[in-house]
Structures are given as structure tokens and as C-alpha cells.
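Whatever order the structure lists them in is the order used to number ligands and atoms, beginning at 1. We count residues from 1, following the sequence as given.
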Amino acid sequence: MASGVLTGSLTQQSAMNHLRLTFALVLAASSVATAHGAPQTWIAKQSVIKANQKKRPGFNFDESKVPSYKLPDPLVSATGKAVTTVQDWKDSQRPAILKLFREHVYGVRPDAHYTVVHKEVGRRENAFGVGATARQIRTTVKSNDKSHSFDFVIVIPNSDAPVPVIVHINNRYLIPIDKTVDEFDPFWPVEKMVRRGYATAAFHTSDVDPDEPGRYADGIRALLDDPGTDQGTRWRCLSSWAWAASRVLDFALEQPEIDSSRTAVAGNSRAGKTALWAGAEDERFALTYSNESGCGGASLSRRAYGENVARITAVFPHWFCERFTSYSGREEALPVDQHQLISLLAPRAVYVGSADEDLWADPKGEYTSLVKAGPVFDLFGLKRIKQPEMPPLNTPRQVGSTGYHIRTGRHNLTEQDWGYFLDFADSIFK
Ligand code: GTR
């Protein structure tokens, strides 16, 4: 403000005016900062920080103790060359980053020969009073005379025109067809999606590959793995679940009612990590939604805030490739960080959700990762979130191909999260 200039030529009257003006400006500024008492950017509450510190001693929840770090630039090649064209990105940089994630984080998918058969095992017509059709499908994967099956439920609204589809990777349970139609579940609010014109399909991760370290023999990996390949880089659960999301998508795309250009993959927490990897591996997904995916998902590993590589690989040794464990306590040595995973989704759309009590998943790391993926969206000439400050609570931010929200409450996937996501999906698909 030019107050110094004003003060030099003040009469008494104008001094009063100046005082009034200054007072009004101060008031205006403070009302911008605290409109309705709400801050303009989210920061973790002290009480929540304390509660997290108490629950998980030995982990960092203090922003001032985040190590200083340097993120790999998604637009600089391994040899230090700047990537300046979409062609360069598609031909060399994207494949190179994808390879690093395969070999250091999620593992390499086996090159097995297999066949897939989808069989309808349940059907309900006229669901939700909008003429939606729900079907339970059994997917059987065969390889070398052995097979593994998992079920999913798909619900398609009645419509004159092809509809978009959301594949939900459900890390909690399979909701069988009757329950899907007759009971509301906020974790997968089918009726809400169907009424908004979306088809949706969901499977349970453990049906594909059991979510337990000792159950390798019972899952899809045992069926498809080649024992001759490198143990250190072999795929594990997260990658196998992402692979299954693609098999569900295969089926969805065979249905004439589904619009193949409007497809999304979504998941919460471990399934949010999986959704990001599914979107990276399978470019048929036009939109990826990762909710509270945290460490090994949307949040930056180098921040080591909340859950870190040492902890996640010790407690869930069956999720990431074995090599990822070697970065325990030395995140800065990783050849990639998670913003580059998000950058692999460009030029498609991506949505990230956080919760304010879920510091374990590092909301700030999730948001920053989305912003730092941005230069790749810029390369494609796309609009995207650039602001370094997070939005306030319960105030979704949507800019072009990227969207983000942080809502009040605990680690969970709620109807509120889905509502925000569907608003973003509408902006992308409609
Ligand atoms: C947490 C875990 C996270 C997250 C989550 C979940 O306890 O530390 O990485 O994946 O569980 O999947 O529910």
C-alpha cells in the first residue's frame, strides 16, 4: 500500500480519512483471511498432530522436521536432457519413468500367456427405480492348465446414450449383487453413481490376490508368475490388483452401453495406491481417483511424513516389489518419487482426496505431489492445479485435468468423498 506517499501530504481531515481507509483495508484483509472464521488454506490442527504422535510414536508428524529434499524433475531424462515436446514424453520419458516404477516400486508384471472367461452368475433388472441392470460376473483366468477366479459386480444405468464407467477397487469386501442393489454402502454408493448417469463395477482385492503375506499360493500371482524372473523386481499384490482392474475394464468395454472414452478407476488407501498404478499401467483409464492413498500412493516418499517406506514394507511386505524395501530410511535414494507416478497419468485426468485427521497418509504430501506432477500436464497444454497452498477443508479445488479435496474426518472413503469426486468426473466427462 502507498501509505508512505499519502502520509507526507496529510491535512487533519485527510488524516482522519486516511485512518478510516487504513482501518477499512485492515478489516477487509482480515475478512479475506478468515471469511466465516474459515482459514484460506488447510493446515493440520495441533490437536490432530498430537493425537497422531500419541498413536504412532516414532513417526514424524511435525512439518518442521520434514527433511529437505529435492524431487526428480519429471521433465528431465536420466541423462539430464530436458524433455520439451509431447513426442519426447510419449516416446522416451514416459516409458523410462514407468520402467523405474516397475523396477523399484510396484514390480514388473509377468509375461505369461493366459486366457480370461467372464461368466454371469447373478443378475437384477430394474434396480434403483431407474431401470439399472446389475450383474455379478465371475472372471476366470487360465494359464498352464490352472485357473484362478474372482467375482465383480457391475451396474449399468438405463440410458439412450453410452455412459461413463467407474471401476472401484474395493480393499474391504465384495458386495454381492443382492446387497449391492438392496443395501446402501457409502464405501461404494452405487445408487448415487447410477442416478448421476455412471455405470460402476467393483471387485475385492483379496479375491484376486489375498492381502496377506503368507497366501501367495492362493492368488493370481502364483498362477501367472515365472519363477525364473528376478525376485527383487517381481510384482506383488498392489500390481496384481491393478491388473485385475484392467480385466474388469476389459469386460466393461465389451458392453455396448459403456462409453470407452469415459472410464475411471478409483480406490481408497491401499486401493488408492493401486488405482494410481492401474492408471499408470493402463492408459485406457481416462480418469484416476486416489483417496487417502498416502505412502506408496499419492504422497511424496521423500517427505517421510507419517507412514514411511520402512514401515510400509515391514508391515505389508506383500504389496510392493522386494526392491522397494531397500529404500527404507533412504527415500532420497529412490530414482523416482510419487509426483512422477501422477505425471504418468497425463494427459488424462486425476483426482486426489485427503482427510484432515489422516496425517498418517500425509495430506500435504498428497497435494504437493499432484502440484509437482503439473509440468507434464503443462507440456500437453492442459490446465491444472498450480497453487502451492492447499485449499481449505471441505472445499474441493478443480482446475482442468486435476482435482483435489481435503475433508473433515478420519481415514475412510465416504459419501462426501464420492460426491466431490463425481463433481470432478462430471467436469471431465460431460
Ligand atoms: C494403513 C496403511 C496404509 C493404508 C491403509 C489401508 O494402516 O498403513 O498404507 O494403505 O492402512 O489400506 O487401509
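A ring-centre distance under 6.0 Å is found for W360 and F59. Remark: aromatic rings of W418 and H168 are close, center separation under 6.0 Å.
The closest side-chain donor-acceptor pair between N291 and Y420, if any, does not fall under 3.5 angstrom.
Partners of R348 according to the side-chain hydrogen bond (donor to acceptor under 3.5 Å, both in side chains) rule, which considers only residues two or more places apart in sequence or in another chain, do not exist here.
Using cut-offs of 30° and 60° on the angle between ring planes, the pair H405 and Y351 is tilted.
When heavy-atom distances to ligand 1 are checked against 4.0 Å, the residues falling inside are S269, R270, K273, E307, R311, I312, F316, W319, W360, H411, ordered by chain and number.
Residue Q136 holds its CD atom at 9.5 Å from CZ of F152, rounded to the nearest 0.5 Å.
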